[in-house]
Every structure is written in C-alpha cells, then in structure tokens.
There are 2 protein chains.
Amino acid sequence: MPSLAKGRNERPPNGDETAAGTPSERAPNTEIRLGALEHYIAFHLRLAQNASFKAFKRESGDPELRPGWFAVMSLIESNPGITPMMVSRASGRDKSTLTPILRDLSHHDLIERLPVPGDKRSYALALTTTGREKLRELAAHAAIHDRKLDQIAGSKKAELLALLRRISTLLN
Amino acid sequence: MPSLAKGRNERPPNGDETAAGTPSERAPNTEIRLGALEHYIAFHLRLAQNASFKAFKRESGDPELRPGWFAVMSLIESNPGITPMMVSRASGRDKSTLTPILRDLSHHDLIERLPVPGDKRSYALALTTTGREKLRELAAHAAIHDRKLDQIAGSKKAELLALLRRISTLLN
DNA sequence: TATTGTTATACTCTATAACTATA
DNA sequence: TATAGTTATAGAGTATAACAATA
C-alpha cells in the first residue's frame with residue numbers, strides 16, 4: 001500500500017519544500033506532476049481546447065456567439081450554395097448535428113435554403129442580408145478571442161495551425 | 001438576394017472546374033473554402049481535438065478506456081495522496097465533474113480514498129494494486145493512439161506540446 | 001466566512017439508428 | 001441500392017447552484 005509520505009518522496013527535491021504542508025496548504029496546482037500525461041498530445045489537446053472554449057464563452061457574454069453558429073455561418077458565407085452535407089464534412093461533424101443549427105439560423109432569418117437544381121433531396125445554403133450583418137458582429141467578437149490565441153502562439157501561429165490541420169485531416 | 005450562380009462565381013477560377021457539377025457530384029470536401037475560419041486557432045483546435053477524440057474512441061473498442069478515467073488515474077499515479085480538488089485544477093475541470101468518476105473508479109476497486117491528516121473535509125487518493133494494473137492496460141491502449149499523433153507531429157512534437165500548454169495555462 | 005466534496009440539474013456537443021424522399 | 005436530410009434518442013463532458021461538513 002502506498003503511503004502519502006512515499007508519494008511525496010518520489011518527487012525530486014526542489015525549493016517547493018517550503019510551501020509544502022497539508023494538501024490544502026499547497027499552491028494551486030504548481031506542484032502537481034502530470035507524469036505520463038506530460039507527453040500526451042491528446043491530453044494537451046483536450047486541455048487547450050477546453051480552456052479556449054471556456055474563455056470564448058466567458059469573454060463574450062453573448063449567448064448567440066455559439067462556436068457552432070459562427071463556424072456554420074462562416075462556411076456558408078465563404079461557400080454560397082453549400083449543402084448541409086458539405087458543411088457536415090467541412091466541420092467534421094455528423095450531418096444530424098447540423099439540422100437543429102440550420103433550423104435555428106433559418107428561424108432567425110440568418111440563412112435561406114434554396115433549391116439545388118438537379119437534386120431535390122438537398123438544398124443550397126446562403127446567408128441573408130441580416131445573416132451577413134450578424135456574422136460581422138459575431139466575427140468581431142470571435143476576433144477578440146482569437147487575437148489572444150494569436151498572441152499566445154506568437155511567431156509559431158502558422159506552424160500551430162498547420163499541425164492542427166494535419167491532425168484533423170490525417171486522423172480520419 | 002444572392003443567387004447560387006453568384007456564389008459560384010465568387011470562387012477564384014481554378015482547375016477544379018472539371019470536377020464541378022451538382023453539389024453531390026463534387027469531391028468530398030476538397031473544394032470547400034474555410035474563409036475567415038482558415039486562420040482561426042480556436043476553430044482548428046476544435047477540429048483537431050474532435051478528430052483525436054473520435055479516433056481514440058474508434059481505435060480502442062474498449063469502453064473502459066475513457067479519456068476521463070485515464071487522465072484521472074494517471075494523475076493519481078503520479079501524485080499519490082492528491083485530493084479531488086487538486087485533480088480538478090490539474091485537469092482544468094470543475095470539481096463536481098470528478099465526483100462520479102472517482103465514485104466509479106472506487107467501485108471498481110481501482111482507487112482508494114485515504115484520510116488526509118489535518119483536514120477532515122478532504123481525502124487522499126491512491127491507486128490500488130488492481131488500479132495500477134488497469135492503468136498499465138489503459139496506458140498501452142492510449143499509447144497506440146498517441147503514437148499516431150506523435151507521427152503526425154513528427155519533429156514538431158515538443159513545439160506543439162509547448163504551444164498547447166501555453167494555451168491552457170494562459171487562457172485561465 | 002471560506003473551502004471541500006456531494007448532489008441535483010441542465011446545457012452543449014456529438015453520435016447512432018431508423019425514417020423519407022429522392023437519386 | 002445509395003445518398004441527403006430529418007427525427008428520436010442517447011451518451012459524453014461540462015457547468016452552476018445549493019448543501020453539509022469542516023476549516
């Protein structure tokens with residue numbers, strides 16, 4: 001059976017000893033060792049995405065700035081006439097997850113559904129004028145958030161983006 | 001009102017014209033333009049994390065290899081005597097999300113809860129012998145997954161990890 | 001008063017499977 | 001038969017708020 005003392009002794013000795021004491025007396029999480037997790041990309045990917053998501057939500061009290069809405073509207077703006085299936089593939093999500101988003105966007109008159117000539121099963125998506133205005137608003141908010149990420153990435157931004165792109169592309 | 005034809009025309013002319021036709025005749029998602037999203041770190045972070053998560057689940061049919069369990073058990077292994085609050089902070093999640101995980105791990109006799117001398121509100125976590133064995137299994141599976149990520153990151157792995165760490169650290 | 005851990009509750013994101021209407 | 005989109009349903013993962021015990 002491992003004792004607490006054993007656990008403590010496994011740490012390499014360092015200056016933190018002065019702050020040591022009962023667990024509740026320790027500094028927030030400075031001393032916690034990640035162990036095997038330390039070198040796991042998947043783990044750090046989750047931490048980073050989670051932190052980004054929380055910051056995104058926190059910074060814009062705007063409940064309408066949902067990551068989902070913003071991404072879908074951007075895709076439609078850049079690809080007028082895009083179909084739900086194409087949006088699904090571009091955003092790496094199942095088609096069924098798009099139905100409610102597109103319904104909401106449609107109800108808010110932000111997008112319109114146009115017939116696809118030659119395929120009655122599908123429809124083509126386009127932003128309405130209102131939708132374009134709304135997207136400008138959302139983009140302004142999102143930019144504030146991503147600017148922080150830009151600062152954090154600094155000169156490595158292009159490299160980070162390339163790596164993330166490779167991960168999502170090759171892992172399918 | 002924007003027409004579909006207008007939308008198509010907005011694309012810069014390129015060799016893809018040969019593959020163009022009705023949307024359903026197009027290649028999977030090659031032609032979809034990300035537009036503003038192209039340079040958003042947050043967006044690519046979500047794509048990458050999602051792809052990683054799906055691959056993780058797909059590759060190990062093992063329903064017990066939940067990212068949550070693995071991370072928590074690893075943290076306990078590397079920090080015997082760690083408290084739930086410390087795990088919460090180290091994994092960037094609210095303390096309330098840990099309760100059910102710790103309960104499950106406890107029910108499976110993978111961890112034990114020991115008293116913390118000097119603080120009756122909390123308890124110290126440690127892996128049981130069974131827990132250590134189980135963690136070895138899970139780690140073997142997880143390693144297979146992360147090896148793929150390692151390959152994808154290649155020589156940039158250290159840099160990627162450093163960037164992800166910076167993101168989760170500075171965004172709080 | 002503040003903190004730890006638990007509980008109750010709810011929200012978001014996502015997926016699967018079955019369905020329809022086309023193709 | 002296969003595909004596009006919808007529906008119903010479920011499962012992770014996470015959060016907030018209120019609570020009891022303790023600090």
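All chains are named by letter (A, B, ...) in the order of the sequence lines, taking the proteins before the strands, and each is independently numbered beginning at 1.
For the pair B:M85 and A:I101, both in contact range of DNA chain C, the more 5′-proximal nearest nucleotide belongs to B:M85. Between A:P100 and A:K54, the one whose closest nucleotide on DNA chain D sits nearer the 5' end is A:P100. In terms of position along DNA chain D, the nucleotide closest to A:P84 lies nearer the 5' end than the nucleotide closest to the other residue of the pair A:P84 and A:N50.
Separating the CH2 atom of B:W69 from the P atom of D:dG13 is a distance of 11 Å, rounded to the nearest angstrom. The CD1-C1' distance, from A:I111 to D:dG5, rounds to 13 Å in whole Å. Note: CG (A:D94) to P (D:dA8) measures 16 Å, nearest angstrom. Atom P of nucleotide C:dT7 and atom CG of B:D104 are separated by 12 Å, given to the nearest angstrom. With rounding to whole Å, A:R103 atom CZ is found 17 Å from D:dA4 atom C1'. The distance from atom CG of A:L102 to atom P of D:dT6 is 7 Å, rounded to the nearest whole Å. The OH atom of B:Y123 sits 14 Å away from the C1' atom of D:dA21 (whole-angstrom rounding). The separation between B:L98 atom CG and D:dG13 atom C1' is 12 Å, rounded to whole Å.
Among the heavy atoms of the strands lying under 4.0 Å from A:T99 is at least one base atom, whether or not backbone atoms are also near.
Distances shorter than 4.0 Å separate none of the side-chain N or O atoms of B:R89 from OP1 or OP2 on C:dT3. Dashed line: the shortest gap from a side-chain N or O of B:R93 to OP1 or OP2 of D:dA12 is not under 4.0 Å.
Ring-centre distance between B:Y40 and A:F70: below the 6.0 Å cut-off.
Looking at heavy atoms from C-beta onward, A:S168 lies out of side-chain contact with B:N50 at the 4.5 angstrom threshold. Using a 4.5 Å cut-off on side-chain heavy atoms (C-beta onward), A:L110 and A:L127 make no contact.
Among C:dT6, C:dA18, C:dT22, the nucleotide with an atom closest to any side-chain atom of A:K95 is C:dA18. Of the listed nucleotides (D:dG5, C:dA23, D:dA15), D:dA15 has the atom at the smallest distance from the side chain of B:T97.
Every pair tested for ring pair (Phe, Tyr, Trp, His ring centres under 6.0 Å) that includes a residue from residues 84-105 of chain B fails, sequence neighbours excluded, so the list is empty.
No continuous path of ILVMFWY side-chain contacts below 4.5 Å connects B:L47 to B:F53, so the two sit in separate hydrophobic clusters.
A donor-acceptor pair under 3.5 Å links the side-chain atoms of A:R166 to the main chain of B:I152, judged by distance alone. Side chain of A:H145 to backbone of A:H141: no donor-acceptor contact under 3.5 angstrom is found. B:S52 places no side-chain N or O within 3.5 Å of a backbone atom of B:A48 that could act as its donor or acceptor partner.
For B:S96 against D:dT16, a side-chain N or O and a base N or O form a donor-acceptor pair under 3.5 Å. Side-chain N/O atoms of A:R121 and base N/O atoms of D:dT3 include a donor-acceptor pair closer than 3.5 Å.
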Using a cutoff of under 3.5 Å, can you pull out all pairs of nitrogen or oxygen atoms linking the protein to nucleotides 10-12 of chain C, with atom names and distances?
none

